[in-house]
Chemist: 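One structure, pasted below without further comment.
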Amino acid sequence: MTEPTTQAGTPAPRRKDERPGRAGGASLNRLGDRKKARLEALAQASAGKGGVSLFRDALRRLRRNPAAIVGATIIALFVLVAIFAPLIAPHDPVQRFDELTSRLAADHIPGSTDGFPLGSDELGRDLLSRLIYGSRQTLFVGVLATLIGLAIGVLLGAIAGAFGGWVDNILMRVTDVMLALPALLLAITLVALASKSSQWTVILAVAIVSVPVFARLLRGSMLAQRESDHVLAARALGVKEHNIVLRHMLPNAMTAVIVQATLTLSVAIIEAASLSFLGLGDPNRDRAEWGAMLGDAGVRYFEVRPELAYYPALAIIIVALGFTLLGEAMREAIDPKNRR
């Protein structure tokens, strides 16, 4: 008996043992095999090299980043000038020289002369020497204020992130109130509350202003660590809670805080200079400090000799730019989300 034939132009009926999409499935299998072979080749090629730690990978990216190189160079020069100021400065920053004071007048301040490359300030002192020594005060105030703010912020953020609950709510509401106020306005208020302004009141005010930034950042990082696999595995193994916080959560959450400290250092330098500019800093005017130099002579004698304002302002801008460039490059190198 012969099989029935189909009409012309109509497809023949599919046989029961013929599976649909067999050709498409075969092509997908071949594509999967090629991808698998490529992955195996890459794995074999990198097997002998070993893994790269986060620190080494970030350091490699920083060495290739022009912004990081420029920022690190500026910071290195700034630190070297501050450390070796007595060897670099040509004169005593508080000494008044007769050859300069004799030429001072109400409408004239001596400019560049022999032995005084940047000329005199309003009291007949060497301006270059005062700028060099001013880097020491700027570095001291900025670094110390950042370290104090970092220590307090890390403590508060670790407590809030580790315990949570009502402790977290109380600490974060306090930080929210502090963050609601402009940083410089809050620093001015804190210095004004002191009975007498000094260098230490400036340091403490700038440090307190930076505390909520570190606290919220660390608290958020630790909350993200609470549900991570390694923390859950440690809890399942019966590790005590304080060991989990100190050995697992806190070290992994500190990376972002350290990067933020570099950026905060530039802000601390600007805020400390602003307080000194407003006359709320160190009352000792013989001590060279860039913000005080900008506020004392730079404003009063701007029409007579504007360089008295230009030089310290330029120094503050360059140093703050160096810390900002390095901090942004570190953030981009460490955090994969910020990589371009």
Chemist: Starting from Ile148, can I reach Val206 by hopping between I/L/V/M/F/W/Y residues whose side chains sit under 4.5 Å apart?
Modeler: yes
Chemist: Taking NZ, NE, NH1 and NH2 as the nitrogens, is one of them in Asp121 or Arg305 under 4.0 Å from a carboxylate oxygen of the other?
Modeler: no
Chemist: Under 3.5 Å, which donor-acceptor pairs link side chains of residues 307-314 to any protein atom two or more places apart or in another chain?
Modeler:
none

Chemist: Does Ile74 share a hydrophobic cluster with Val259, counting links as ILVMFWY side-chain heavy atoms below 4.5 Å and allowing steps through other members?
Modeler: no
Chemist: Between Val267 and Ile203, is there shared hydrophobic-cluster membership here, with clusters defined by ILVMFWY side-chain heavy atoms closer than 4.5 Å?
Modeler: no
Chemist: Please round to the nearest 0.5 Å and tell me the distance separating atom CZ of Arg287 and atom CZ of Arg136.
Modeler: 11.5 Å
Chemist: Working to the nearest 0.5 angstrom, can you tell me the gap between Ile270 CD1 and Thr324 OG1?
Modeler: 6.5 Å
Chemist: Is Met330 reachable from Val143 through a run of I, L, V, M, F, W or Y residues, each pair having side-chain heavy atoms under 4.5 Å apart?
Modeler: yes
Chemist: So, Arg125 side chain and Val94 main chain: donor-acceptor pair closer than 3.5 Å or not?
Modeler: no
Chemist: Start with the C-alpha gap between Leu144 and Trp200, add the side-chain angles, then the distance that decides, and say whether side-chain contact (heavy atoms from CB on, under 4.5 Å) holds.
Modeler: CA-CA 10 Å; Leu144 191 57; Trp200 288 102; 3.4 Å; yes
Chemist: So, the side chain of Ser266 versus the backbone of Thr262: is there a donor-acceptor pair under 3.5 Å, distance only?
Modeler: no
Chemist: So, do Ser221 and Val257 sit near enough that their side-chain heavy atoms are less than 4.5 Å apart?
Modeler: no
Chemist: Less than 4.5 Å apart, side chain to side chain, heavy atoms only: is that true for Asp114 and Glu99?
Modeler: no
Chemist: Got a sec, which hydrophobics cluster with Ile69, joining ILVMFWY side chains under 4.5 Å apart, including via others?
Modeler: none
Chemist: At what distance, to the nearest 0.5 angstrom, does CG of Leu275 lie from CD of Glu289?
Modeler: 9.5 Å
Chemist: If the condition is ring-ring contact (aromatic ring centres under 6.0 Å, His included), which residues does Phe97 pass it with, not counting sequence neighbours?
Modeler: His91, Phe116
Chemist: Got a donor-acceptor contact below 3.5 angstrom from the Thr138 side chain to the Ser135 backbone?
Modeler: no
